[in-house]
Amino acid sequence: MDNLSEIVNYMQKKGARFADAREHLFREREIFTEDTRVEQIVEQDIDGTGVKVLYGNGWGYACTCAKDMDSLRAAADKALDLAKHADKCTDFKVELAAEPKHIAKFATKIKENPFDVKISEPVDALIEAGAIIRKVKDIIKANSNLVLRNMRKKYANTEGSRIETDIYTVLAEIDATARANGEVKSRHYLPSPMNAGYEYFRGTDLATNAARIAEQAREHCFAKSCESGPTTLILDPEHLSLTMHESVGHPSELDRVLGYEESCAGRSFATMDKLNNFKYGSELVNLVADNTLEGGLASIGYDDEGVECQKWHIVKDGILSGYGVCRELAHKMKMPRANGTTRATKYSDVPITRMPNLYLAPGKTPLTKEQLIADTESGIYIEGRGSFSIDQMRLNMQFGGDAFWEIKNGKITGMLKNVVYNAISYEFWRSCDAICGESEFRRAGFITCGKGDPMQAAQMTHGASPARFRNIMVRRAK
Ligand SMILES: [Zn+2]
């Protein structure tokens with residue numbers, strides 16, 4: 001931390017209005033298996049320091065993987081030089097929303113460090129899952145993937161904040177692919193990725209789920225095609241994680257809203273004139289951003305601007321109520337404070353506004369999934385994520401899924417195939433007429449959310465209870 005303090009003091013003495021330095025260690029172990037063999041093991045250790053400086057009204061960023069003071073000072077000089085040039089080219093004033101000084105440490109609560117576990121242990125678990133999948137009739141492929149991450153950061157800025165964080169992430173997933181009846185279909189099992197220790201992987205119950213997804217992949221090959229037309233959908237939490245990610249999470253990033261991501265096809269219909277008055281969903285819909293959620297993939301204590309992680313509503317009782325916002329844009333748009341969701345993936349990346357943990361709050365009654373299905377005369381229950389598409393304004397969207405089940409007279413009657421649905425994002429959320437209760441709440445999440453130029457992959461948790469959407473246009477995809 002002393003080196004970082006020295007560097008931010010150095011930049012301040014050279015005339016910086018604001019500067020920070022971030023030592024950022026990114027460690028990742030990825031194991032891929034195919035059937036009953038290891039396909040690939042990837043180990044990455046990407047360590048370095050990034051320095052960011054505001055000079056006049058220009059920003060500069062530079063980084064180095066070297067740790068000595070001469071290299072850090074050289075990176076600071078480069079960032080200052082860039083900021084001075086940027087200052088000459090800009091015609092608007094930069095101010096930062098106020099943030100208290102933080103002297104703090106934050107760490108993921110873990111019992112077992114994933115990197116201390118012998119690599120043969122997770123490999124054996126993944127291969128066992130592959131063997132179970134391959135035993136099922138008509139299965140032609142089993143795949144699995146385990147990602148273990150550790151991100152350690154030290155952060156110092158010219159406002160006196162000194163923050164250390166130590167984050168662990170675990171993601172495991174398995175796939176079964178069947179070929180039968182002239183079809184090839186896959187089924188996926190993705191226990192929610194978590195900021196957690198290796199003990200979380202031990203509890204993911206790959207074996208039981210391997211058998212289930214293998215049978216369902218086969219069943220999918222014999223499913224009948226869906227009928228095209230408007231229908232009722234019940235969507236499971238994992239499926240909803242993708243719809244909320246694309247149709248609420250991204251459009252509520254304020255940099256997109258204001259046009260800063262336009263060159264990366266990243267605009268938003270959720271403009272600031274709609275804040276606190278636009279009907280984004282039915283009054284049942286509460287979409288909560290929460291970077292304080294324990295074990296959430298974006299729960300990092302403090303973000304890469306030194307802002308404390310927070311909880312707020314993006315949609316409250318159906319109304320657009322908030323954004324994800326960095327310090328500069330918070331001040332520009334007269335908001336009192338940034339909300340702790342500016343992150344960089346690696347030391348060489350500039351921190352940008354990233355999606356927070358975002359979940360659909362459970363319904364207020366203790367409605368179960370079974371009761372919701374029993375209450376639905378006709379429709380489709382969709383599990384998991386499939387293909388998707390959404391336009392640059394985040395309005396016109398299309399989603400598939402991983403498994404589709406026909407509902408007739410309140411009962412699941414069998415599997416369907418080739419289901420996709422189309423909707424306008426806010427019309428979709430407005431059509432939500434039931435959300436199951438808290439006991440049905442499940443998490444899901446992403447570790448590969450792409451944004452920025454150069455592209456950065458960020459991670460965040462989502463969550464939901466199963467929810468029902470009326471009058472959604474379903475199309476037969478084939
Ligand atoms: Zn994304």
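In listed order, ligands and their atoms are each counted from 1.
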Heavy-atom check, side chain of [X] versus side chain of [Y], under 4.5 Å:
{"X": "Arg443", "Y": "Tyr359", "value": "no"}
{"X": "Phe399", "Y": "Leu242", "value": "yes"}
{"X": "Met272", "Y": "Met335", "value": "yes"}

### Summary
Within the 2.8 Å cut-off the protein N, O or S neighbours of the Zn ion (ligand 1) are His245 NE2, His250 NE2, Cys449 SG
### Query
Checking Thr49 side chain against Glu23 main chain: does a donor-acceptor pair fall under 3.5 Å?
no
### Summary
Residues pairing under ring-ring contact (aromatic ring centres under 6.0 Å, His included) where one sits in residues 458-478, two or more places apart or in two chains, turn out to be His245-His462, Phe428-Phe469, Trp429-Phe469, Phe446-His462
## Note on the structure
When rounded to the nearest 0.5 Å, the distance separating OG1 of Thr208 from OH of Tyr189 is 8.5 Å
